[in-house]
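Atoms within a ligand are numbered from 1 in the order they appear, just like the ligands themselves. As the structure is a computational prediction, the values presented were derived from the model and not from experiment.
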Amino acid sequence: MIPLCIPEIRGNEWKYIKECLDTNWVSSAGKYVDLFEERFKEYIGSKKAIVTVNGTSALHLALSILGIGPGDEVIVPSMTFVASINPIIYVGAEPVFVDICRDTYVMDVNKVEELITEKTKAIMPVHIYGHPVDMEPLMKLAKKYNLYVIEDATEALGSEYMTSDGIWHKVGTIGDIGCFSFNGNKLITTGAGGMLVTNDEELGEKAKFLSTQAKVIGENKSFSHPEIGYNFRMPNLLAAMGVAQLEKIEEYIKIKRDNAKYYNQLLKEVEGITIPIEKDWAKNCYWLYSIVIEDEYGIKRDELIKIMAENKIETRPFFNPIHNMIPYKKYKCGKLTVTNELSRKGINLPSSVSLTFEDIDKIAKIIRRA
Ligand SMILES: Cc1ncc(COP(=O)(O)O)c(C=O)c1O
């Protein structure tokens, strides 16, 4: 079986976790929680990093600390994982669904302005499968209408965006807040985990405070809670794994980029297959290598998924559009032509760090033959 995307554990994970077990520092306090935040902040290039129990809670926290709530609208793509949308609803706001680009599969920035209303409070670009959203025009638009930008960078850790001054920025650091996930299928994993990053010191302080039950410890060690907080804390045990995983991140990104290049080489001439592009201003971490099965290919995307499964190759169709699902049908949408089309035609191919060129040869051969 060639899996879609599995964790890679080849560093200091055992050593650091063992240290937590040996010293009894297994819960939400401990040196690895601070170290993971410190190291992550350095890697990503943000002023603050606050670790959370998963990516969904990081997004929830982001919306909360920006004061987004009932009566507010957040513009977000429909072709994403449902965890981009649910936190908007948890805080009492409403998602407004925007279309995506045909070539990069991410939010079409040109279609955002027409959806802005008096209720719009924030835009949530999602760097789906690893390619960055075109952030510079998006930030200009946000400034024009005084809107917050929360980057859902959960699938794009390590991807980069170049602004017109030629400076490269890691995604997640361009908007007001960026959120990451360390779920088991992500580039680096802590089993389950997330991170909120921001360059605004005050927002960072607030995020830490609210994510740790908004707890104030008095002189006599008693607790008081001036606000209603959350328990979004990551245990030291998992943060220890995060520190070990982060030590390997550059190596993993290089492997994934090399694998994507090899996939491209083998698939670019296949009629009816559209390979992923990388814009001049983008560096894609290729979290999931993703192609589009065009009509000219001869068989439908779902038939190809079946053939791949018969050959013990795990693939995944692009996300179903959220706006078509029962709990989300009531929310406003732009014209979602590309979303609907790509959701029918897109497929993610195996993308683990442990994937070999021989695996890719085998996968490409089946795609060519099919
Ligand atoms: C686009 C997107 N947003 C949010 C999340 C939520 O992350 P988590 O599963 O860590 O809660 C995920 C990943 O699972 C995701 O793919």
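In this structure, Lys256 is not positioned above the aromatic face of Tyr286 in the sense of NZ or CZ being under 6.0 Å from the six-membered ring centre and within 45° of the axis.
Below 30°, between 30° and 60°, or above 60°: for Phe97 and His323 the angle between ring planes is between 30° and 60°, a tilted geometry.
Side chain of Thr80 to backbone of Ser84: no donor-acceptor contact under 3.5 angstrom is found.
Contact residues for ligand 1 (protein heavy atom closer than 4.0 angstrom to any ligand atom): Asn54, Gly55, Thr56, Leu59, Thr80, Phe81, Ala83, Ser84, Val126, Asp152, Thr154, Glu155, Ser181, Lys186, Gly193.
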Next item on the list: Evaluate salt bridge (Lys or Arg N to Asp or Glu O under 4.0 Å) for Glu113 paired with Lys144, printing each intermediate quantity in order.
Entry: CA-CA 10 Å; Glu113 191 165 14; Lys144 180 172 165 193; 2.8 Å; yes
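The closest side-chain heavy-atom distance from Glu136 to Ile174 is not below 4.5 Å.
Within a 6.0 Å radius of CH2 in Trp14, no more than 12 heavy atoms belonging to other residues, nucleotides or ligands are found.
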